[in-house]
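Presented below is the structure to which this report refers.
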Amino acid sequence: MTTSTVVLALAVFGASAVEMVEALTIVVASGVTRGWRSAIEGTLAAVAVLAALVVAVGIPLARLVPINVLRVVIGALLLVLGLDWLRKAVLRASGHKALHDEDAIYARTVEDLSGGGATAARAAAQSWRHGRRDATGFTVAFKGVFLEGMEVVLIVITLGTSSGHLALAAAAAGAAAVVVCIVGALVARQLSEIPENSLKLAVGVMLTSFGVFWVGEGAGVRWPGSDLMILVLVGVFATTAAVLSLAMRRIGPSRRRVALRTGGPS
Amino acid sequence: MTSVGRALGAFGRFWKDFLIGDAPELFVGTLVFVGAALAFRHHGDVAVVLLPLIVIVFLGGSVFRGRARS
């Protein structure tokens, strides 16, 4: 197994874990309020659709599109995604953007799903006791897993096809889903304990590094050290993110935020 | 609107959110990066330094812009 393959598996695993934590929060909220049968069925249906997308899009892409064109296009997509994750993670780490709060998302989803008050709670309890299907619970779980999983599918397809390791990328994503489900079952609703921002920062660094590397390779740039250059790029972007986080913390809040806090003009 | 129209609209919105989102400068940065990679592909040493530098500049600019908007 080469260095780039290991980094690829880690990147897919990390990205999938982050997205799966977000999806699991919605599934648990749906299961608790509307019954577990519908929540689990909704989750499995979404996973099946996502897996079908990987097969339907990933395999033809890898077989039909010339590898260098694929690397430039897919590397650019990875770069956009990786830079966006990095930017948000740096802003969150330096206190300029609110952290992703799984507890708040859980509470909000539970509140939305319990909209009917006592009637909804009674219906959920009956559906739970009789193992009946609940359309709302199914839809919420399906949408939660499908929407969060779409980024995972993109990452699996982009990293998998450009490196020629689609099966490994899909396996890494599947392993992340299993690990997050086990951790989710063990810690129940304490998903906020998972250091999501640090994970997002690490994955952002890896996606950005792969993006830079693949676009360069596809365009015809000869990287020194070949695949080993990915590790150098990971080091460069990790340092950049750390320096930016420190600088943002030192600079402090923007004038607009200070004005909002003090009630002055923005 | 037909269901096909709605599906196409949702597909378009997904890609717009994915590619541009709330940081269009990163999309522009990626286009600049791809252009530079194609332009400097035969200048190995320059490309190796310039390409990561483009990414650092656009990321730094986007983070500062995000701070100003926070």
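Computed from a predicted model, the values in this text were never measured in an experiment. The chains referred to below are lettered A, B, ... by the order of the sequence lines, with proteins before strands, and numbering in each begins at 1.
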Atom of [X], atom of [Y] and distance for their closest heavy-atom approach:
| X | Y | value |
| --- | --- | --- |
| A:Leu91 | B:Arg67 | CD2-N, 3.8 Å |
| A:Arg87 | B:Leu59 | N-CD1, 4.0 Å |
| A:Ala76 | B:Thr30 | O-CG2, 3.5 Å |

Step-by-step side-chain contact (heavy atoms from CB on, under 4.5 Å) determination, A:Val221 to B:His43: CA-CA 8 Å; A:Val221 173; B:His43 307 274; over 6 Å; no

Selection from A:Leu86, A:Val243, A:Val215 maximising heavy-atom pairs under 4.5 Å formed with chain B: A:Val215

Choice from A:Val236, A:Leu81, A:Val90 maximising heavy atom contacts with chain B below 4.5 Å: A:Leu81

Residues A:Glu217, B:Arg41; criterion side-chain contact (heavy atoms from CB on, under 4.5 Å); working and verdict: CA-CA 9 Å; A:Glu217 282 267 304; B:Arg41 65 188 151 171; over 6 Å; no

Segment of A:Thr208 engaging chain B (4.5 angstrom heavy-atom cut-off): side chain

Atom group of A:Leu244 that falls short of 4.5 Å from chain B, counting heavy atoms: side chain

Within-4.5 Å side-chain heavy-atom neighbours: [X] and [Y]:
| X | Y | result |
| --- | --- | --- |
| A:Leu77 | B:Leu19 | yes |
| A:Phe237 | B:Ile56 | yes |
| A:Leu79 | B:Phe33 | yes |
| B:Pro52 | A:Leu233 | yes |

CG/B:Asp45: more than 12 non-hydrogen atoms of other groups inside 6.0 Å: no

Residue pairs passing the side chain to side chain donor-acceptor pair (under 3.5 Å) test where at least one lies in residues 220-249 of chain A, sequence neighbours excluded: A:Ser4-A:Asp227

Interchain contact, B:Asp22 with chain A, by part (heavy-atom threshold 4.5 Å): both

Check against side-chain contact (heavy atoms from CB on, under 4.5 Å), A:Val80 and B:Leu26: CA-CA 6 Å; A:Val80 169; B:Leu26 291 179; 5.8 Å; no

Partner chain A: residue of B:Leu38, B:Leu51, B:Val55 with the largest heavy-atom pair count (under 4.5 Å): B:Val55

Partner set under ring-ring contact (aromatic ring centres under 6.0 Å, His included) for A:Phe146, not counting sequence neighbours: A:Phe142

